[in-house]
Peer 1: 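This is the structure, below, for whatever I ask next.
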Number of protein chains: 2
Amino acid sequence: MSSVNETSGTELTPPIERIPAAERREQILAAASVVFGERGYSGATTDQVARAAGISQPYVVRMFGTKENLFLEVLARALDRLITGFRQIIAEPRERGDDEIELLSARLGAAYVDLIEDRGILLSLMQAFISGHNPVIGAKARAGFLEIYRMMRDEAGFPPEEIRGFLAEGMLFNTLLAIRLPDVYDDDEAAAELMRCAFRGKLDVVLSATAAAPAEHAGTQTPQQ
Amino acid sequence: MSSVNETSGTELTPPIERIPAAERREQILAAASVVFGERGYSGATTDQVARAAGISQPYVVRMFGTKENLFLEVLARALDRLITGFRQIIAEPRERGDDEIELLSARLGAAYVDLIEDRGILLSLMQAFISGHNPVIGAKARAGFLEIYRMMRDEAGFPPEEIRGFLAEGMLFNTLLAIRLPDVYDDDEAAAELMRCAFRGKLDVVLSATAAAPAEHAGTQTPQQ
DNA sequence: GTCTATATAGGGATAGAC
DNA sequence: GTCTATCCCTATATAGAC
């Protein structure tokens with residue numbers, strides 16, 4: 001009963017995937033978005049992020065310095081996706097008219113919901129918003145939220161009332177996702193009714209995006225939080 | 001340089017405040033609501049709760065079994081305050097008419113905002129909503145959210161669209177609090193504008209309730225998260 | 001009813017090899 | 001570019017005295 005892997009002394013080092021740092025960075029950020037989105041800043045561990053990214057825990061820390069810094073980059077990435085997406089839509093040519101704002105609002109709303117495809121974006125954003133107590137994360141989250149407000153006001157020309165309604169719908173959307181309403185769509189009539197009302201034509205998008213909790217590898221599964 | 005407190009061997013045991021368990025329980029729950037509301041389930045420690053309640057950390061655990069159980073009781077308490085408050089308003093006699101729903105909605109909204117006085121209620125609720133990933137906490141949070149939905153539908157007679165709007169406003173309200181917008185009311189014009197628009201006549205209530213971060217004792221201050 | 005002391009595990013971060 | 005080994009602090013929970 002000697003130690004494992006002694007069969008031959010001449011094997012080369014195991015095939016560790018070496019990929020460019022920039023690419024690895026994005027991999028980690030994508031994985032971290034999901035993990036932080038689910039468990040929050042404090043609830044997530046750098047080890048969970050590492051596993052999700054398929055690398056070792058120290059490497060995650062090595063690449064981002066600290067867990068806090070990693071979270072800040074996740075937040076910045078999420079805000080960038082959101083803001084960039086919105087700016088594109090705002091920049092699209094559109095005819096002026098009475099329902100101009102409403103039309104644009106609907107487009108932005110649809111784009112927002114579509115962000116759900118990029119797993120983790122919306123939830124990690126929400127997790128950041130809820131971390132207002134943390135001086136550094138809180139400040140960035142606040143600044144990001146206000147940037148969105150200003151963009152809608154100054155670039156899209158929305159009146160405050162309209163923005164308020166839009167943001168409110170967004171926060172409800174985030175909350176319904178965070179609370180995992182889609183998980184009980186089939187079992188709870190109230191949940192189904194609320195979701196149909198809140199998601200409208202995007203219901204199918206939401207349901208398919210939130211279905212299938214990816215089981216990763218069947219092997220060493222972290223035994224939940 | 002002998003040890004402290006040796007001046008007299010005849011002093012009585014230090015004045016440890018002994019109060020009834022039920023009362024202590026409520027003290028701890030109130031303190032825990034604030035701490036969990038600020039830092040979330042994972043971000044808060046039982047020691048922080050204990051300090052806030054003015055007792056020892058092991059006593060907190062002793063009384064509630066586990067941190068998770070403590071959080072569940074905080075959540076139950078918050079839901080109870082909310083639901084009880086709403087039920088009272090719904091039960092109030094009111095004349096039937098076209099604007100019946102809108103009037104009731106406004107009253108419920110005002111009551112919701114007033115919950116801010118009970119520090120921690122709204123934020124710990126929000127922290128629970130965002131913890132959907134945790135099997136046990138998530139289940140309770142989801143159930144609580146749906147209970148509110150059903151109450152508004154079945155007891156208050158709201159149509160789904162109306163409930164959706166109401167809940168959306170509530171989630172926006174929670175988010176603005178969580179993100180600590182009131183802290184920058186004087187320094188950021190966009191923040192001020194959004195808050196005036198979102199809080200309306202309740203702006204003063206919100207501002208005064210969120211002002212003055214209580215500095216506790218000036219002495220041994222926990223060096224932040 | 002409440003505390004002190006402490007066992008014990010978990011997790012962020014560092015050192016250094018390859 | 002990536003890993004293994006490991007340090008060390010923090011935090012939950014338990015034991016048991018008063």
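Quick caveat: nothing in here was measured; it's all calculated off a predicted structure. Just so it is clear: chains get the letters A, B, ... in the order the sequence lines come, proteins before strands, and each one is counted from 1.
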Peer 1: Just by distance, do the side chain of B/S131 and the backbone of B/N134 share a donor-acceptor pair under 3.5 Å?
Peer 2: no
Peer 1: Between protein and nucleotides 5-10 of chain D, what N or O pairs are separated by less than 3.5 Å?
Peer 2:
none

Peer 1: I'd like to know if A/R62 reaches the base of C/dG16 with its side chain, counting only an N/O donor and acceptor under 3.5 Å.
Peer 2: yes
Peer 1: Find the distance between CD1 (B/I130) and CD1 (A/I179) and round it off to the nearest 0.5 Å.
Peer 2: 9.0 Å
Peer 1: Hey, does the side chain of B/K67 reach the backbone of B/Y41 with a donor-acceptor pair shorter than 3.5 angstrom?
Peer 2: yes
Peer 1: Counting only side-chain heavy atoms from C-beta out, which of D/dC3, D/dT2, D/dA13 sits nearest to A/S56?
Peer 2: D/dC3
Peer 1: By nearest nucleotide on DNA chain D, pick out whichever of B/R18 and B/G65 is the more 5' one.
Peer 2: B/G65
Peer 1: Atom CZ in B/F199, atom CG in B/L194: separation rounded to 0.5 Å?
Peer 2: 7.5 Å
Peer 1: Taking the side chain as every heavy atom from C-beta outward, state whether B/Y149 and A/E193 have any atom pair closer than 4.5 Å.
Peer 2: yes
Peer 1: In whole angstrom, what separates B/Y41's OH from D/dA11's P?
Peer 2: 14 Å
Peer 1: Quickly, which of B/D47, B/T45, B/T46 forms a side-chain hydrogen bond (donor to acceptor under 3.5 Å, both in side chains) with B/Q57? Name it, please.
Peer 2: B/T46
Peer 1: For DNA chain D, find the residues of residues 21-32 of chain A with a heavy-atom distance under 4.0 Å and give them by number; none if there aren't any.
Peer 2: A/A21, A/R24
Peer 1: Using whole Å, what does the distance between atom C1' of nucleotide C/dT4 and atom CG of B/D47 come to?
Peer 2: 13 Å
Peer 1: What about A/R51: does its side chain form a donor-acceptor pair under 3.5 Å with the base of C/dG11?
Peer 2: no
Peer 1: Less than 4.5 Å apart, any side-chain heavy atom of A/F166 and any of A/E169?
Peer 2: no
Peer 1: Tell me the interatomic distance from A/K67, atom NZ, to C/dA13, atom P, rounded to whole angstroms.
Peer 2: 8 Å
Peer 1: Determine, step by step, whether A/F36 and A/L123 satisfy the side chain to side chain contact (heavy atoms under 4.5 Å, CB included) criterion, reporting the C-alpha distance in whole Å, the side-chain angles of both residues, the deciding distance to 0.1 Å, and the verdict.
Peer 2: CA-CA 8 Å; A/F36 280 131; A/L123 287 182; over 6 Å; no
Peer 1: Send over the distance from A/R39 CZ to C/dG10 C1', rounded to a whole Å.
Peer 2: 14 Å
Peer 1: What is the distance, rounded to the nearest whole Å, between atom OH of B/Y59 and atom C1' of D/dA17?
Peer 2: 16 Å
Peer 1: Find the distance B/F64:CZ to D/dA13:P and express it as a whole number of Å.
Peer 2: 13 Å
Peer 1: For A/I137 versus A/L75, what's the shortest heavy-atom pair and its separation?
Peer 2: O-CD2, 4.4 Å
Peer 1: Distance check needed: D/dT14 P versus B/M63 CE, whole Å only.
Peer 2: 16 Å
